[in-house]
Novice: 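One structure coming up, written as C-alpha cells, with questions to follow.
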Amino acid sequence: MRPFTYERAASADEAVKAAAATPGARFIAGGTNLLDLMKLDIERPQHLIDVARLPLGAIEPAGGGLRIGGMATNSQVAADPQVRRRYPVLAQAILSGGSPQLRNKASVAGNLLQRTRCAYFYDTSKPCNKRAPGSGCGALEGLNRNAAILGQSHACIATHPSDMAVALVALEAEVETLTPSGEARRFPLAELHRLPGETPHVETHLIPGELITAVVLPPPPAGGQAYRKARDRASYAGGLASVAVAGARLALGMVAHKPWRATQVEQALAAGATPAEAIGEELKDAATAGRNDFKVTLTARLAMAALAQAEGDAA
Amino acid sequence: MRTTITVNGEARTHDLDPRTTLLDYLRETLRLTGAKKGCDHGQCGACTVLVNGLRINACLSLAVAHDGDEVVSIEGLGTPDALHPMQQAFLKHDALQCGYCTPGQICSAVAMLEEVAAGWPSQETADLTAPVLLTPDELRERMSGNICRCSAYPQIVAAIAEAAG
C-alpha cells in the first residue's frame, strides 16, 4: 500500500471539515472494499478519516418507517427485529452478500459506495475508463460475462455489485448526508448513483467530501417482499443478477451501473400485463456485449420467480 | 501511530505505520502466527479473528483503527494443555488436512455459535421472525466465509455440530 495518514473523526461535523481541508482524503468505515482496492493500488488515498465509530449506527423508528445509521454494520441491519419483520427483502438482500466476517465489518454507507467488481477495473495493467479515465474499456470486447445489460455506455459496461442497495431502491429509501459545508441533505436513494455516460469514474451525485449519515425507509408498502439472486456458487459470491420486490415495486441488481428501479415492469403490471410481458417491457431495451447475453434471460426468469415468491409472501 | 490493542487479554502498545493491517500486526509485530494470511483480500477467511467478540477478516482491517479494541486470536482461545472445546472437536473429527485454514475456521466457528445464540439470521433462515436453529444447512451457510482448499468440509461440519452441542 502507498503511504497515507490516518485520523479518527471525533464527530460527523469534524469528519466533513477534515475531508474538505485535506487533499486526497477519503472516509473509511468498515474498509472491506477500500482496503482491498488500496492493496491493489486502485484506490490511492493520501489521508483516511475513520468514521466507523461516529454515533451514526442507530436503527430507530422514524415517521412510521425506520432510520438506519450510515455506520450500522450490515450484520446489525440484517439482524434488526424491525428490519426482519417489516422489511424482510432488505434482510434477505444483505444476508446474500459477502460473508459473515465481511458483514460484521461493512457499513451501510460503505455498502452503497462500494466499487464495481469488473475484472478490468481490478487489473491495473488493462484499460479502464472508471479507474483511469480516457484509457478505454477492456470489457467491451473482453471478459464481459458479468457486464451491464441496461443503461451502459460505450465508455463503461460495469455493474454496481451491491445487494443491499437493490432492496433499498425497491423500498424507496432516502439517503441523509452531511455536505462538506456542514449542511444536512436528504434525497431518494434512487438518485444517489449515476449511469456511466462519458464519466464512469464519477459514480454518485455526492459532493466530494459529503458523508452518508443515514438511510431512511418509509413504511413498508402493502404486499409481499422477496429478494432473489443468481450467482456462480450458492454462497459468498457476487451476483450475476438479482431482483428485489417490495409490494408493487421492483428493482434489479448487477445488471446496470446502479441499482435499477424497474419502472416499466411496475407500470406494465399495474396495467394488467403478465409478469413475463411486464419484465419483457423493461428488457426490450437491454443491450449485451457477447458473453453476458444470457443475463437477459436470467434476469427475466429471476424477476418472474421473485414476483411469484413475493405473491406467496403476501398470501 | 501509537496504538493500544488488548490482544488475548493483554494490553499491547506499539507505534504502528497506518498501513499495517490487523493481520500483519498480529503476525509480524506480536509474532502471533496462528491467524494465517491466505488471500489477503477477504476471500478465504484464514485470517479470521474476534474483535470485541465479533469475527472479522483481520487482513481487511487497519491495526490503527482498532486502538482500544479487544482482539482474540486462536492463541487466546485455548492452549495445547487446555484446548478450547471447538479445538478439541476439530481434533476428534480430524477436521483438517494441511491445517492452514484451521485457526480461522475455529475462530469463525466459535463466533458463529454466538451469532446463532443471539438469534442472528442467515440466508438459510426461511422465517426471519422465528427463532434460529442451527440446522446442517444453516451451519454450512454460516461458515461459508471460511474456505478449505483441502475440502475437509464434512469433518469441519461434524466438529462444529458436536461443539455446538
Side-chain angles (χ1 to χ4, degrees), chain A residues 1-8 28-40 45 47-48 50-53 73 75-76 78-81 83-106 122 163 225 227 229 233-237 313, chain B residues 1 3 16-22 24 39-45 47-69 104 107-108 111-112 115-116 118-130 132 137 140-147:
Chain A
M1 267 187 268
R2 290 171 191 249
F4 58 85
T5 49
Y6 169 94
E7 71 176 293
R8 199 180 275 189
I28 185 169
T32 54
N33 189 225
L34 182 59
L35 288 172
D36 184 28
L37 294 170
M38 287 166 64
K39 288 181 183 190
L40 296 165
H47 183 67
L48 289 181
D50 192 341
V51 293
R53 316 225 175 193
T73 66
S75 292
Q76 286 166 342
D80 182 81
V83 172
R84 290 157 71 175
R85 191 167 59 80
R86 301 179 71 202
Y87 306 97
V89 64
L90 177 56
Q92 290 164 3
I94 290 173
L95 293 169
S96 76
S99 69
Q101 288 96 317
L102 292 169
R103 296 193 294 270
N104 281 346
K105 199 103 202 313
Y122 267 77
D163 291 283
Q225 299 179 21
Y227 188 73
K229 175 181 182 180
R233 57 186 188 200
S235 182
Y236 199 11
D313 175 55
Chain B
M1 293 187 69
T3 304
L16 299 176
D17 185 315
R19 289 175 290 182
T20 315
T21 63
L22 181 60
D24 286 341
C39 68
D40 209 26
H41 289 280
Q43 298 171 3
C44 76
C47 66
T48 303
V49 297
L50 314 186
V51 174
N52 302 332
L54 292 176
R55 50 178 167 163
I56 67 161
N57 301 115
C59 74
L60 284 187
S61 207
L62 295 175
V64 293
H66 291 289
D67 185 46
D69 282 348
C107 285
S108 187
M112 182 272 286
E115 293 169 6
V116 172
W120 286 16
S122 82
Q123 69 166 3
E124 287 299 319
T125 310
D127 183 350
L128 287 171
T129 58
V132 171
D137 282 348
R140 289 189 189 93
E141 161 57 23
R142 289 167 186 272
M143 290 301 294
S144 65
N146 292 83
I147 309 294

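The figures that follow rest on heavy atoms only: side chains count, while hydrogens, waters and symmetry mates do not.
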Novice: Let me know if B:Arg55 has heavy atoms under 4.5 Å from chain A in its side chain, its backbone, both or neither.
Specialist: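 Both backbone and side chain.
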Novice: What part of A:Ala234 is in contact with chain B, defined as an atom under 4.5 angstrom from a non-hydrogen atom: side chain, backbone, both or neither?
Specialist: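 For A:Ala234, the backbone is the part near chain B, not the side chain.
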Novice: Looking at side-chain heavy atoms only, is the closest gap between A:Leu95 and B:Pro121 below 4.5 Å?
Specialist: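 The answer is yes, as the side chains (C-beta and beyond) meet within the 4.5 Å cut-off.
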Novice: Heavy-atom distance under 4.5 Å between the side chains of B:Leu62 and A:Asp50, does that happen here?
Specialist: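 No; the side chains remain at least 4.5 Å from each other.
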Novice: Shortest non-hydrogen contact from B:Arg19 to A:Arg2?
Specialist: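 Heavy-atom minimum between the residues: CD-O, 3.4 Å.
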Novice: Could you tell me which of B:Asp40, B:Thr21, B:Asp17 has the largest number of non-hydrogen atom pairs under 4.5 Å with chain A?
Specialist: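 Heavy-atom pair counts peak at B:Asp40.
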Novice: Are any side-chain N or O atoms of A:Arg8 and backbone N or O atoms of B:Ala65, one a donor and one an acceptor, separated by less than 3.5 Å?
Specialist: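 Between the backbone of B:Ala65 and the side chain of A:Arg8 there is a qualifying donor-acceptor contact (under 3.5 Å).
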Novice: Given the options A:Leu40, A:Ile28, A:Leu34, A:Leu48, which has more heavy-atom pairs under 4.5 Å with chain B than any of the others?
Specialist: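 Going by pairs under 4.5 Å, I would pick A:Leu40.
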Novice: How many angstroms lie between CE in B:Met143 and OG in A:Ser99, if you round to the nearest 0.5 Å?
Specialist: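 Here the rounded value is 10.5 Å.
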Novice: For B:Ser61, does its backbone N or O pair with a side-chain atom of A:Lys105 as donor and acceptor, under 3.5 Å?
Specialist: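 A pair under 3.5 Å: no.
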Novice: Return the option, out of A:Gln92, A:Lys39, A:Arg103, with the maximum number of heavy-atom pairs under 4.5 Å with chain B.
Specialist: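 Top option by heavy-atom pairs under 4.5 Å: A:Lys39.
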Novice: If you look at every heavy atom in A:Arg84 and B:Ala130, which pair is closest and at what distance?
Specialist: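 What the structure gives for the nearest pair is NH2-O, 4.2 Å.
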Novice: Is there side-chain contact between B:Asn57 and A:Thr32, with at least one heavy-atom pair below 4.5 Å?
Specialist: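 No, every pair of side-chain atoms sits at 4.5 Å or beyond.
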Novice: For B:Cys47, does its backbone N or O pair with a side-chain atom of A:Gln101 as donor and acceptor, under 3.5 Å?
Specialist: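 Side chain of A:Gln101 to backbone of B:Cys47: no pair is present.
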Novice: Less than 4.0 angstrom from a charged side-chain N to a carboxylate O is my criterion; do B:Asp69 and A:Arg53 meet it?
Specialist: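 Yes, charged N to carboxylate O under 4.0 Å.
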Novice: I'd like to check the salt bridge (Lys or Arg N to Asp or Glu O under 4.0 Å) partners of B:Glu141; sequence neighbours left out, ordered by chain and number.
Specialist: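 For B:Glu141, no residue satisfies salt bridge (Lys or Arg N to Asp or Glu O under 4.0 Å) once neighbours in sequence are set aside.
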Novice: Kindly determine whether B:Leu128 and A:Val83 satisfy side-chain contact (heavy atoms from CB on, under 4.5 Å), including the steps that lead there.
Specialist: CA-CA 9 Å; B:Leu128 287 171; A:Val83 172; over 6 Å; no
Novice: Any idea which heavy atoms bring B:Gly145 and A:Pro100 closest together, and the distance?
Specialist: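 Looks like N-CD, 4.3 Å.
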Novice: Calculate, to the nearest 0.5 Å, the distance between atoms CE and OG1 belonging to A:Met1 and B:Thr20 respectively.
Specialist: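 It comes to 8.0 Å.
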Novice: Rounded to the nearest 0.5 Å, what's the gap from CD on B:Glu124 to OG on A:Ser235? Could you check?
Specialist: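 Atom-to-atom, B:Glu124:CD and A:Ser235:OG are 8.0 Å apart.
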Novice: Heavy atoms, side chains only, cut-off 4.5 Å: are B:Ser144 and A:Arg233 in contact?
Specialist: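 With C-beta onward as the side chain, the pair stays apart.
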Novice: Could you have a look at B:Leu54, B:Thr125, B:Asp67, B:Val132 and say which one has the most heavy-atom pairs with chain A under 4.5 angstrom?
Specialist: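 Greatest number of close heavy-atom pairs with chain A: B:Asp67.
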Novice: Give, as side chain, backbone, both or neither, the part of B:Glu115 having an atom under 4.5 angstrom from any heavy atom of chain A.
Specialist: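 The side chain, not the backbone.
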Novice: Mind checking whether B:Val51 and A:Asn104 have side chains closer than 4.5 Å, heavy atoms only?
Specialist: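 Sidechains of A:Asn104 and B:Val51: no contact.
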Novice: Looking at every non-hydrogen atom in both residues, tell me the closest pair between B:Pro18 and A:Tyr6 and how far apart they are.
Specialist: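 Here B:Pro18 and A:Tyr6 meet closest at CB-CB, 4.1 Å.
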Novice: Which atoms of A:Pro81 come close to chain B, meaning under 4.5 Å heavy atom to heavy atom: side chain ones, backbone ones, both, or neither?
Specialist: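 Neither part.
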